[in-house]
Enquirer: 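Dropping the structure in here first, questions after.
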Amino acid sequence: MNDLQRNESVRRKLAAWWDTNARDLPWRFGRTTPWGVLVSEVMSQQTQMSRVVPYWETWMRAWPDAAALADATTAEVITAWGRLGYPRRALRLQDCARAVRDRYADELPRTYDELTGLPGIGDYTASAVLSFAFGERIAVIDTNIRRVLSRVFLGEESLGGSAKPAERELVNRVLPADAARSVTWNQSVMELGATVCTAKRPLCDVCPVAEHCAFLAAGRPGLGERRTRPRQRFAGTDRQVRGIVLDALRGLPDGQSVLERSRIESLWADHVQLDQCIASLDEDGLIDMLPDGGVRLPQ
DNA sequence: TTCCGGTGTC
DNA sequence: GACACCGGAA
């Protein structure tokens, strides 16, 4: 079997697998707008999809389109973002909504350059929106797709930081020529990476393309090898302190918006670090500092 | 305790 | 191209 036949065989197997195994997420199967797809992609960047679902449902009910989100208060946006993580992304998503409303009359643009020109939208999200929302033929490159394609076609783990040129060439080379098939390809490869071809413990027993997988044939060399990524500590870092402050603000009772200085000081013993974090949250636009030392979510 | 990730920034 | 950013799963 030559490369082309193998590629086509993998495609057919994955498409059949997708038909019966795709998770029934509310932004799939044409049930939402391109904007809804974009929101789901931004939320899914840092959080597993199953945990995103309830946030996405609430968010889209409150702000069904870009114009609606553009008009929300920052406090509302940060509160609705909840514990999704990376709260600055919630602000960027609102910036993005304002740009879509102002530059594109509330209609998401359909070109890569216009999409990546929006706040918070990089290569991955632009490609994902073009493929999943607009049905365009474009290679989507995220870590799941890199891991799956590298294993199946190269027989090796995808290691290291950003995608290298050779990796991008592979992803483009195996992308089906037909647009509709390319969309299913992107979705099914990504889904396989999320649910079967996982990083540490791939479920090769139930994998629909096991018979074509170069990685499995090679005896899964280097399975679960550490990706070279600088690891980030957590305990005691600014990251933890910032989260504690925002969480306290989100948890204020209805009708109360200001966190008093004395309450702030009870959140963290090291007041030097605490004040640094308050200042950085203020710089990020995530909180407002009041003259009396209190803070609140921006109105 | 360790590990995970897309974007923006420097 | 290194690093910060978050919270939760493993």
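In the text below, chain A, chain B and the rest are named by the order of the sequence lines, each starting its count at 1. These values consider heavy atoms only, across backbone and side chains, with no hydrogens, waters or symmetry-generated copies.
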Enquirer: Please state how far atom CD in Gln46(A) lies from atom C1' in dA4(C), giving the value in whole angstrom units.
Expert: 14 Å
Enquirer: Does Lys200(A) or Arg89(A) map to a spot on DNA chain C nearer the 5' end, using the closest nucleotide for each?
Expert: Arg89(A)
Enquirer: Please check: side-chain N/O of Thr58(A) versus main-chain N/O of Pro54(A), any donor-acceptor pairing under 3.5 Å?
Expert: yes
Enquirer: Is the number of heavy atoms from other residues, nucleotides or ligands within 6.0 Å of CD (Glu57(A)) greater than 12?
Expert: yes
Enquirer: Can you tell me how far C1' of dT7(B) sits from CG of Asp95(A), to the nearest Å?
Expert: 13 Å
Enquirer: CD of Glu283(A) versus P of dC5(C): gap in Å, rounded?
Expert: 11 Å
Enquirer: Compare all side-chain heavy atoms of Phe153(A) with those of Cys213(A) and state whether any distance is below 4.5 angstrom.
Expert: no
Enquirer: List in numerical order all residues of residues 123-142 of chain A for which some heavy atom is under 4.0 Å away from an atom belonging to DNA chain B.
Expert: Asp123(A), Tyr124(A), Thr125(A), Asp142(A)
Enquirer: Mind calculating the distance between CD (Gln45(A)) and P (dT7(B)) to the nearest angstrom?
Expert: 5 Å
Enquirer: Check the distance between dG7(C)'s P and Arg239(A)'s CZ and give it to me in whole angstrom.
Expert: 8 Å
Enquirer: Going by number, which of residues 47-59 of chain A have a non-hydrogen atom under 4.0 Å from DNA chain B?
Expert: none
Enquirer: Rounded to whole angstroms, how far apart are CG on Leu281(A) and C1' on dA4(C)?
Expert: 13 Å
Enquirer: Give a yes or no on this: more than 12 heavy atoms of other residues, nucleotides or ligands lie within 6.0 Å of atom CG of Asn2(A).
Expert: yes
Enquirer: Are the side chains of Leu274(A) and Val245(A) in touch, meaning some heavy atoms are under 4.5 Å apart?
Expert: yes
Enquirer: Does a sphere of radius 6.0 Å around CZ in Arg23(A) hold more than 12 heavy atoms from other residues, nucleotides or ligands, not counting ones at 6.0 Å or beyond?
Expert: yes
Enquirer: Is a side-chain donor-acceptor pair under 3.5 Å present for Arg28(A) with Gln187(A)?
Expert: no
Enquirer: Could you tell me whether the side chain of Arg83(A) has a donor or acceptor atom within less than 3.5 Å of a complementary atom in the base of dG8(C)?
Expert: no
Enquirer: Do Tyr86(A) and dG5(B) have a side chain to base donor-acceptor pair shorter than 3.5 Å?
Expert: yes
Enquirer: Pull out every protein N or O sitting under 3.5 Å from an N or O of nucleotides 8-10 of chain B, one pair per line with the distance.
Expert:
residue : atom : partner   : partner atom : Å
dG8(B)  : OP1  : Gly120(A) : N            : 2.4
dG8(B)  : OP1  : Ile121(A) : N            : 3.4

Enquirer: Compare every heavy atom of Gly222(A) with every heavy atom of Glu157(A), then report the nearest pair and how far apart it is.
Expert: CG-O, 3.5 Å
Enquirer: Could you state the CD-P distance from Gln240(A) to dT1(B), rounded to the nearest angstrom?
Expert: 11 Å
Enquirer: Is it the case that the side chain of Asp95(A) and the backbone of Pro119(A) share a donor-acceptor pair, with hydrogens and angles ignored and the cut-off at 3.5 Å?
Expert: no
Enquirer: Would Glu167(A) and Ser150(A) count as having a side-chain donor-acceptor pair, cut-off 3.5 Å?
Expert: no
Enquirer: Under 3.5 Å, is there a donor-acceptor pair linking the side chains of Arg181(A) and Thr184(A)?
Expert: no
Enquirer: Let me know the distance between CD of Glu157(A) and P of dC4(B), rounded to the nearest Å.
Expert: 11 Å
